[in-house]
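The chains referred to below are lettered A, B, ... by the order of the sequence lines, with proteins before strands, and numbering in each begins at 1.
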Amino acid sequence: MSEQVVATEQDLLLSRFPEVVKPDERKGYDGYIVDSKALLDFAKTLRDDLGYDYLSSVTGVDYLPEGKMEVVYHAYKTTGGAPLVFKVQVPREKPVVPSLVSIYPGADFQEREAWDLLGIKFEGHPNLKRILMWEGFHGHPLRKDWHEPYYEEEHKPYKSRWPEGKAFRAEDRNPFGKNVDYPAGFDPAKWTPDISDALIYEGLGRIEKPHDDLPTEQIIVNLGPQHPSTHGVFRMVVTLDGETIVDLEPVMGYLHRNHEKIGERNTWLMNMPFTDRLDYLSPMSNNFGYALAVEKLLGVKPPERAEYIRVIMAELTRIQNHIFAIGMFLNDMGAFFTPSLYAIEERELILDVFEAVAGSRMMVNYFRFGGVARDIPEDVMQKIHDLAFERLPRRIDELDRYLTNSEIVRARGEGVGVLTAEQAIAYSTAGPVLRASGVPYDVRRAEPYGIYDRFDFDVAVRYHGDVYDRYLIRMDEVRQSIRIIQQALKQIPEGPIMTGKPQYQHRVPPGESYGRVEGPKGELGFYVVSNGKGNPWRYHVRAPSFINLTALAEMAKGHKVADIVVILGSIDIVLGEVDR
Amino acid sequence: MSTDDLNSPEYKDKIPEELQGTVAITTLDRIYNWGRRNSLWPMMFGLACCAIEMICTAAARFDFARFGMEVMRSSPRQADVMIVAGTVTKKMLPQVVRLYNQMADPKYVVAMGACASGGGPFKEGYNVVSGIDKYLPVDVYIPGCPPTPQALIYGLMKLQQKVDKQSIKEVYREAGKEIPIPVLGPDIMDPRDYDKIREYTLKKAEAEAQAATAAESAQSA
């Protein structure tokens with residue numbers, strides 16, 4: 001049945017766009033290659049006629065040997081199902097692609113990222129500036145021929161350091177003794193300082209007011225990057241008319257740790273601990289997504305027990321992330337640290353479980369391709385059991401009792417930061433933000449991965465799309481996660497936890513793969529391209545926190561400046577994932 | 001806290017027996033440091049993953065209020081310790097240095113975790129500063145990725161020991177001295193390095209020109 005549907009879809013697309021749309025026939029690849037001239041029409045057809053209303057991921061790949069740049073798009077139907085992948089190929093010397101922002105506004109930040117890191121120009125983009133690096137930075141770092149100051153070799157493990165163990169510090173080889181490099185002929189005395197800020201202030205919208213009104217001046221206020229309520233090093237530039245927000249622009253990149261560039265030098269397995277540090281509040285989910293993406297390429301399937309362990313760990317992660325998020329959200333509302341203390345108390349108990357199975361509280365590095373690293377010992381299993389059946393349900397009810405009907409939470413939450421269902425889909429928001437706006441889209445249901453199709457749970461959904469609903473939905477999801485863990489604990493079989501022998505070097509067949517999970521923050525996707533060598537050719541993370549921020553300006557406009565802190569708190573971002 | 005911590009050992013015998021425990025004879029340094037070491041106020045300043053462990057250290061289970069550090073100040077003007085909790089990126093570095101300059105003397109820097117100490121797993125990244133000690137004077141380094149709350153508390157206790165040993169004369173010697181704020185150019189630039197940068201880029205340009213002419217002559221030959 002489903003194959004038939006796909007076939008008709010393909011026929012329709014190919015007949016409507018003869019010559020300009022071709023199926024991608026490279027080995028291990030999937031989807032369509034679209035001529036850049038036809039891209040806008042193609043995307044419009046997808047959205048309006050075929051129902052692919054949700055553009056999940058936009059990224060670029062630098063195919064240096066072929067002399068091509070490729071832009072890869074993943075689109076979904078919000079009613080569920082597999083993605084439709086389409087690509088545009090352009091020459092490396094002149095990479096220009098039409099922008100899809102007019103059709104899918106959610107492409108905004110992702111296109112800017114591709115411009116910043118790969119130098120792909122998106123024609124018609126309303127605001128094509130660098131997003132993670134600053135204006136004036138030399139070059140586009142994710143290009144394959146761009147080398148960082150501490151560059152040693154294309155791929156790890158570096159031969160210069162192994163096998164004779166000639167240890168040296170990268171600083172010693174750099175003329176400055178620091179991680180810096182400058183282009184030839186550059187003169188610092190003639191340098192005009194960073195113009196990023198000027199560009200931001202220029203781009204911000206202002207409103208024209210009728211003259212008979214009281215003459216007021218609109219002012220620009222910076223919140224962050226060092227600000228106690230931005231959840232890290234995030235910055236918002238806000239135009240204010242009195243106390244009211246006229247326009248807002250999020251500024252990020254203050255924690256851009258070059259995850260993808262480092263990931264492309266690493267071996268496949270080396271990236272596993274790096275994924276922990278993406279969304280450092282929910283490392284198990286990050287491991288899960290990356291393991292899925294590579295397992296698709298490798299064609300391995302974890303054994304039953306490992307599948308159950310994965311689900312238990314991912315759901316425990318969701319619980320600890322959500323209760324922490326609720327605690328911090330209350331911080332943002334002004335209830336400084338008391339609700340957080342309740343949240344952190346429970347979180348510590350879950351971290352104890354992580355420490356017992358993985359050896360580390362936060363950076364677990366627990367998943368492997370084809371299984372997990374260690375089995376859960378008997379006493380830890382008992383601990384998880386006690387948490388899931390006894391302690392957590394009680395404590396969630398307690399939090400609920402204290403907070404949900406609190407007059408302050410309701411007054412500051414209801415009707416604030418509203419995002420309608422249409423907007424939520426258009427801006428490609430994911431996770432609790434999307435579901436609080438009335439779109440029951442959950443990857444665990446829409447395209448079940450692992451063994452999620454075996455469990456009985458409800459996709460939590462709320463319909464107002466405001467801050468209060470985004471708080472409620474986290475409560476709902478914690479309860480559903482407890483339900484899943486309870487079922488998993490009853491069903492988990494004995495047996496091995498790993499398919500095949502543990503390996504350091506994986507031989508990954510050439511091809512592309514996209515693994516996605518429903519992380520606590522939303523859809524977390526890993527797009528990897530292998531060329532058959534020991535390292536990924538391309539390693540891209542579709543980070544939900546980053547893309548959810550696309551909708552921030554829309555949510556904030558018209559509210560008071562004090563509300564912006566609460567609205568940001570309700571999205572629940574983690575900067576490690578926003579900036580990567 | 002007993003008076004023994006406060007008394008200077010050499011004067012301890014001079015206190016009459018009936019006043020032992022009520023009166024203390026001490027030096028100015030000692031009582032000054034006693035006050036400072038028990039109220040080290042950290043700045044509420046988190047950069048990355050380590051900040052989450054810092055929050056846990058402040059919360060119920062570990063609770064660094066036991067050491068007089070619970071007053072996390074959001075403003076650098078009111079803080080004594082800057083806990084650099086996380087990866088310092090080049091884009092963030094000017095702000096970090098500016099925050100350090102804004103702190104009142106005496107001030108301390110704790111490099112929490114691998115990234116702040118030396119770049120950590122992200123050391124080779126093009127936007128990563130490989131160790132905050134390249135720009136700021138660091139007092140205590142705490143290893144770990146991230147360090148556990150126990151490790152952070154141990155590091156802060158080490159800092160208390162450092163405070164104990166300082167003299168009021170040396171504490172203010174560097175007062176008011178500002179560190180030049182790095183500039184975002186094609187890469188991060190320390191204003192003190194401008195001459196070196198010019199020298200380096202000129203050499204690089206020459207080398208490139210030479211390589212180009214060599215390639216040309218090889219082609220024509």
Between B:Thr201 and A:Asp187, is there a side-chain heavy-atom distance shorter than 4.5 Å? no
Could you pull out the closest heavy-atom pair between A:His138 and B:Pro186, with the gap in Å? CD2-O, 2.7 Å
Please walk me through it: do A:Phe274 and B:Phe122 pass ring pair (Phe, Tyr, Trp, His ring centres under 6.0 Å)? CA-CA 9 Å; A:Phe274 278 87; B:Phe122 301 98; 5.5 Å; yes
Engaged part of A:Glu345 at the chain B interface, taking heavy atoms whose separation is under 4.5 Å: neither
If you count every heavy atom of other residues, nucleotides or ligands that lies below 6.0 Å from B:Tyr154 atom OH, does the total exceed 12? no
Search all heavy atoms of B:Lys204 against all heavy atoms of A:Pro183 and return the closest pair with its distance. NZ-CA, 4.2 Å
Option in A:Pro141, A:Gly576, A:Pro149, A:Gly139 with maximal non-hydrogen atom pairs under 4.5 Å from chain B: A:Pro141
Counting only non-hydrogen atoms closer than 4.5 Å, does A:Arg257 touch chain B with its backbone (N, CA, C, O), its side chain (CB onward), both, or neither? both
Sort and list the pairs that fulfil side-chain hydrogen bond (donor to acceptor under 3.5 Å, both in side chains) and have at least one residue in residues 109-119 of chain B, not counting sequence neighbours. none
Would A:Lys178 and B:Asp187 pass as an ion pair if we require N to O under 4.0 Å? no
For A:Arg347, is it the side chain, the backbone, both or neither that has a heavy atom under 4.5 Å from a heavy atom of chain B? side chain
Max heavy-atom pair count under 4.5 Å with chain A, selected residue of B:Gly119, B:Cys56, B:Gly125: B:Gly125
List the steps, then state whether side chain to side chain contact (heavy atoms under 4.5 Å, CB included) holds for B:Lys91 with A:Asp579. CA-CA 11 Å; B:Lys91 194 167 176 179; A:Asp579 294 340; over 6 Å; no
Counting heavy-atom pairs closer than 4.5 Å to chain B, which one of A:Met362, A:Lys261, A:Glu148 comes out on top? A:Met362
For the residue pair A:Glu348 and B:Arg61, what are the closest heavy atoms and their distance? OE1-NH1, 3.5 Å
Select, from B:Ala207, B:Pro191, B:Pro149, the one with the greatest count of heavy-atom pairs under 4.5 Å involving chain A. B:Pro149
Where on A:Leu278 is there a heavy atom nearer than 4.5 Å to chain B: the side chain, the backbone, both, or neither? neither
Please determine, among B:Ala60, B:Pro121, B:Gly46, the option with the most heavy-atom pairs under 4.5 Å with chain A. B:Pro121
Sequence neighbours excluded - side-chain hydrogen bond (donor to acceptor under 3.5 Å, both in side chains) pairs with any residue from residues 119-128 of chain B: A:Lys156-B:Glu124, A:Tyr158-B:Glu124, A:Glu171-B:Lys123, A:His256-B:Tyr126
Please check if atom OH in A:Tyr342 has more than 12 non-hydrogen atoms from other residues, nucleotides or ligands closer than 6.0 Å. no
Donor-acceptor contact present, side-chain B:Lys90 to main-chain A:Val180, <3.5 Å: no
When B:Gln95, B:Lys134, B:Met44 are compared by non-hydrogen pairs under 4.5 Å with chain A, the top option: B:Lys134
Which atoms of A:Tyr280 approach chain B - backbone, side chain, both or neither, heavy atom under 4.5 Å: side chain
Once rounded to the nearest 0.5 Å, what's the spacing between atom OH of A:Tyr182 and atom CZ of B:Arg198? 12.0 Å
Output yes when a side-chain donor or acceptor of A:Asn179 lies under 3.5 Å from a complementary backbone atom of B:Val128, and no otherwise. yes
Would you check if A:Phe137 and B:Leu184 make a side-chain contact, meaning some heavy-atom pair closer than 4.5 Å? no
Within a strict 4.5 Å, meaning less than it, do heavy atoms of the B:Ser130 and A:Tyr150 side chains meet? yes
Interface residue of largest heavy-atom contact number with chain B, from A:Ala184, A:Ser360, A:Gly177, under 4.5 Å: A:Ala184
Heavy-atom pair with the smallest gap, counting every atom of B:Leu47 and A:Val233: CD2-CG1, 3.5 Å
Is B:Arg98 close to A:Gln226 at the side-chain level, that is, under 4.5 Å between some pair of heavy atoms? no
Which atoms of A:Leu255 are under 4.5 Å from chain B, going by heavy atoms: the side chain, the backbone, both sets, or neither? both
Quick check: closest heavy atoms across B:Cys145 and A:Met363, and the distance to 0.1 Å? O-CG, 3.5 Å
Contacting region of A:Leu281 [heavy-atom separation from chain B under 4.5 Å]: side chain
Which distance, rounded to the nearest 0.5 Å, do you find between the CG of A:Leu575 and the OG1 of B:Thr87? 11.5 Å
Hey, could you give me the CG/CG distance between B:Asp63 and A:Leu341, rounded to the nearest 0.5 Å? 8.5 Å
Applying a strict 4.5 Å limit to non-hydrogen atoms, the region of A:Phe337 in contact with chain B is side chain
Using heavy-atom distances under 4.5 Å, tell me whether A:Met270 contacts chain B through its side chain, its backbone, both, or neither. neither
Cut-off 4.5 Å, heavy atoms of chain B, and the answer for A:Pro175 is both
What residue, out of B:Leu93, B:Leu202, B:Ile188, has the most heavy-atom pairs lying under 4.5 Å from chain A? B:Ile188
Which of the residues B:Ala59, B:Cys49, B:Ala205 is involved in the greatest number of heavy-atom pairs with chain A at under 4.5 angstrom? B:Cys49
